[in-house]
**Student:** 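Below are the structure tokens for one structure; questions will follow.
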Amino acid sequence: MEESEAQISHLALDIGGSLIKLVYFSRNSDNSSSKNSVPVSNGNEGRPVLEGKLHFAKFETAKIHDCIDFIQSKQLCLTGCQHHGSSADEKCIIKATGGGAYKFTDLFKEKLGICLGKEDEMDCLVAGANFLLKSVHDEAFTYMDGQKEFAQIDHDDLYPYLLVNIGSGVSMIKVDGPGKFERVSGTNVGGGTFWGLGRLLTKCKSFDELLELSQQGNNRVIDMLVGDIYGGTDYKKIGLTSTTIASSFGKAISDNKELEDYKPEDISRSLLRMISNNIGQISYLNALRFGLKRIFFAGFFIRGHAYTMDTIAVAVHFWSKGEAKAMFLRHEGFLGALGAFMSYEKHGFDNLMVHQLLQQSPTDPSDGGDKTHGPANSELNDNPSINCSVYLS
Ligand SMILES: Nc1ncnc2c1ncn2[C@@H]1O[C@H](COP(=O)(O)OP(=O)(O)OP(=O)(O)O)[C@@H](O)[C@H]1O
Ligand SMILES: CC(C)(CO)[C@@H](O)C(=O)NCCC(=O)O
């Protein structure tokens, strides 16, 4: 079914260095606000409620014009809000976060007549993470030895935690409560590094192709292992097995080979392992610094990809001797956009407030609002829409 303008509301954007993420709400066509009042005890009793879905979409930032066309085709540019006291012909405000909210201000104004209402990126990441962890069932999960296990999050025991957002670059944020956080570290070796270096080294045409290649690769062809240095044996005294990577890409120095002599799949796997391992290790060190036991990894670098998650989880487990736990999020790449979405409420611009997500629903292929613009790699990242209720004030 095609959503009409009246059924869609509250577009929010996160315009990052690599990807633009969109979140918007569409209400179910058969519900009216008055016939569904709130039967729950969360302070919203008796208030009218709209039932509908949160939709997610993403575009490459380099193809921002595709994103603009999408917004235009769905008339999402009409779904923001006006400033209080503004006249009807004043520009519509769409909440936006990420560096692109600054960089592309003029483009959005010119092409869509939209004013981007800028929200701080870190505020949005944290708001998005807290929202998902508190409101969405089966959002967080652990990943070990190929096994995914959903984590039961105790709402009264959520804080503190470390949020590691792996986008183009990586931000590490200690979260102590709603709106209470500090960005304690970051690294420039992130998703952009994997995709940038990988593209140069393998000639892959897309991120997904590079990621897929890594699945068939063998990193031992290029990585120098402890066993390569120690004649096939472990270095037991310091806890290193012969198969531990001693030096990523280290074999390339002695092989007398050129780039063309290596298989792209092996290069991709070594690179993915190097970057995931490094992020896992820095994350663990920051968790240790602040005594944090739980680390939530987000950002589109992860892509629900088994080898990436496994490497990160193993790094955290190995370095913390099992004390700290790596967890992943189903809506990994949409934290910032969700945070921007929620800021509509914070600013009191409008009377729509999302308070409770009831359940998740898998992407319905007949639903025009939920396309992944680019191939998805796994069932974890097909941008599932979320059934939710929105309370009217
Ligand atoms: N289709 C894709 N095209 C490009 N990169 C992708 C794609 N899918 C996943 N990625 C990975 O996700 C990363 C971007 O993740 P994300 O969208 O979370 O960050 P960002 O907001 O663009 O970056 P930053 O926050 O640093 O500005 C890319 O650098 C790449 O590693
Ligand atoms: C600059 C941002 C915050 C933009 O999202 C991100 O790419 C990042 O955290 N980069 C790492 C920068 C650093 O701390 O070294």
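What you see is a predicted model, and the numbers here were worked out from it, not measured in a lab. Read the numbers this way: they start at 1 and go in the same order the structure lists the ligands and their atoms.
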**Student:** Which atoms from ligand 1 have a heavy atom of Lys21 less than 4.0 Å away?
**Tutor:**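 Those qualifying, in numeric order: 16 (P), 17 (O), 19 (O), 20 (P), 21 (O), 22 (O).
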**Student:** Which is closest to atom 1 (N) of ligand 1 in terms of heavy atoms, Thr97, Asp14, Leu19?
**Tutor:**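 Shortest heavy-atom distance from atom 1 (N) of ligand 1: Leu19.
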**Student:** Indicate yes or no: at least one non-hydrogen side-chain atom of Ile312 is less than 4.5 angstrom from one of Phe328.
**Tutor:**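 Counting from C-beta outward, Ile312 and Phe328 do come under 4.5 Å.
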**Student:** Scan Val189, Leu210, Ile279 and name whichever one has a side chain to side chain contact (heavy atoms under 4.5 Å, CB included) with Phe194.
**Tutor:**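 Of the listed options, the one satisfying the test is Leu210.
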**Student:** Report, in ascending order of atom number, the atoms of ligand 2 lying under 4.0 Å from any heavy atom of Val170.
**Tutor:**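 Counting from 1, the qualifying ligand atoms are 8 (C), 9 (O), 10 (N), 11 (C).
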**Student:** Do Phe104 and Thr61 make a side-chain contact, defined as non-hydrogen atoms from C-beta onward lying under 4.5 Å apart?
**Tutor:**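 The answer is yes, as the side chains (C-beta and beyond) meet within the 4.5 Å cut-off.
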**Student:** Any heavy-atom pair between the side chains of Leu54 and Leu338 that's under 4.5 Å?
**Tutor:**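 Yes, close enough: below the 4.5 Å cut-off.
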**Student:** Short list, please: which atoms of ligand 1 are under 4.0 Å from a heavy atom of Gly192?
**Tutor:**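 Answer, ordered by atom number: 29 (O).
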**Student:** Would you mind reporting whether Ile267 and Leu259 have side-chain heavy atoms less than 4.5 Å apart?
**Tutor:**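 Leu259 vs Ile267: side chains touch.
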**Student:** Looking at atom 1 (C) of ligand 2, would you say a protein heavy atom lies below 4.0 Å from it?
**Tutor:**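 Neighbour list for atom 1 (C) of ligand 2 is empty of protein heavy atoms (cut-off 4.0 Å).
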**Student:** Asn165 to ligand 1: N or O pair under 3.5 Å?
**Tutor:**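 In fact, backbone or side chain, Asn165 has no N or O that close.
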**Student:** Report the part of Phe300 in contact with ligand 1, treating N, CA, C, O as backbone and CB onward as side chain, heavy atoms under 4.0 Å; options are side chain, backbone, both, neither.
**Tutor:**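 The answer is both.
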**Student:** Are any of the heavy atoms in Gly333 under 4.0 Å away from ligand 1?
**Tutor:**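 Distance cut 4.0 Å: Gly333 fails for ligand 1.
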**Student:** In the structure I gave you, are the side-chain heavy atoms of Phe341 and His10 within less than 4.5 Å of one another anywhere?
**Tutor:**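 When only atoms from C-beta onward are counted, His10 and Phe341 do touch, with a gap below 4.5 Å.
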**Student:** Tell me which one of Ile166, Asn165, Val170 satisfies side chain to side chain contact (heavy atoms under 4.5 Å, CB included) with Phe297.
**Tutor:**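 Among the candidates, only Ile166 passes.
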**Student:** So if I count the atoms of ligand 2 from 1 in the order they appear, which ones are less than 4.0 Å from some heavy atom of Met122?
**Tutor:**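 Numbered from 1, ligand 2 contributes 3 (C).
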**Student:** Go through ligand 1 atom by atom and flag the ones less than 4.0 Å from a non-hydrogen atom of Gly191.
**Tutor:**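 Matching atoms, with element in brackets: 29 (O), 30 (C), 31 (O).
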**Student:** Check Arg273 with Asp223, please: is the shortest side-chain N to carboxylate O separation under 4.0 Å?
**Tutor:**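 No salt bridge links Asp223 with Arg273.
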**Student:** State the atoms of ligand 1, each with its element, that fall below the 4.0 Å cut-off from a heavy-atom position in Gly299.
**Tutor:**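 In order of numbering, the contacting atoms are 18 (O).
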**Student:** Is Phe301 in contact with ligand 1, taking contact as a heavy-atom separation below 4.0 Å?
**Tutor:**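 Heavy atoms of Phe301 do come under 4.0 Å of ligand 1.
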**Student:** Any side-chain heavy atom of Ile94 sitting closer than 4.5 Å to one from Tyr344?
**Tutor:**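 Ile94 vs Tyr344: side chains touch.
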**Student:** State the atoms of ligand 1, each with its element, that fall below the 4.0 Å cut-off from a heavy-atom position in Arg303.
**Tutor:**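 So the atoms of ligand 1 that pass are 8 (N), 9 (C).
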**Student:** Taking heavy atoms and a distance under 4.0 Å, where does Glu121 meet ligand 1: side chain, backbone, both or neither?
**Tutor:**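 Answer for Glu121: side chain.
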**Student:** Quick one: nearest non-hydrogen protein atom to atom 15 (O) of ligand 2, plus distance?
**Tutor:**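 Here the closest protein heavy atom is Asn188 N, 3.7 Å.
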**Student:** Taking the six-membered ring of Phe300, is the NZ or CZ of Lys21 close enough (under 6.0 Å from the centre) and on axis enough (within 45°)?
**Tutor:**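 No - Lys21 does not lie over the ring of Phe300 by the 6.0 Å and 45° rule.
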**Student:** Looking only at protein heavy atoms, identify the closest one to atom 11 (C) of ligand 2 and say how far it is in Å.
**Tutor:**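 Nearest protein contact, heavy atoms only, for atom 11 (C) of ligand 2 is Thr187 O, 3.4 Å.
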**Student:** Among Glu121, Arg183, Met172, which one puts a heavy atom closest to atom 12 (C) of ligand 2?
**Tutor:**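 Going through Glu121, Arg183, Met172 one by one, Arg183 has the nearest heavy atom to atom 12 (C) of ligand 2.
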**Student:** For ligand 1, which atoms have a heavy atom of Gly17 less than 4.0 angstrom away?
**Tutor:**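 So the atoms of ligand 1 that pass are 20 (P), 22 (O), 23 (O), 24 (P), 27 (O).
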**Student:** Using the ring of each side chain (for Trp, its six-membered ring), is Phe70 parallel, tilted or perpendicular to Tyr24, with breaks at 30° and 60°?
**Tutor:**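 Answer is tilted, since the angle falls between 30° and 60°.
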**Student:** Any salt bridge between Arg303 and Asp208, counting N to O under 4.0 Å?
**Tutor:**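 Between Asp208 and Arg303 there is a salt bridge, with a charged N closer than 4.0 Å to a carboxylate O.
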**Student:** So is Gly169 polar-close to ligand 1, meaning N/O to N/O under 3.5 Å?
**Tutor:**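 Between Gly169 and ligand 1, an N or O pair is found under 3.5 Å apart.
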**Student:** Could you name the option among Gly98, Ala298, Gly167 that has the heavy atom nearest to atom 15 (O) of ligand 1?
**Tutor:**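 Heavy atom nearest to atom 15 (O) of ligand 1 belongs to Gly167.
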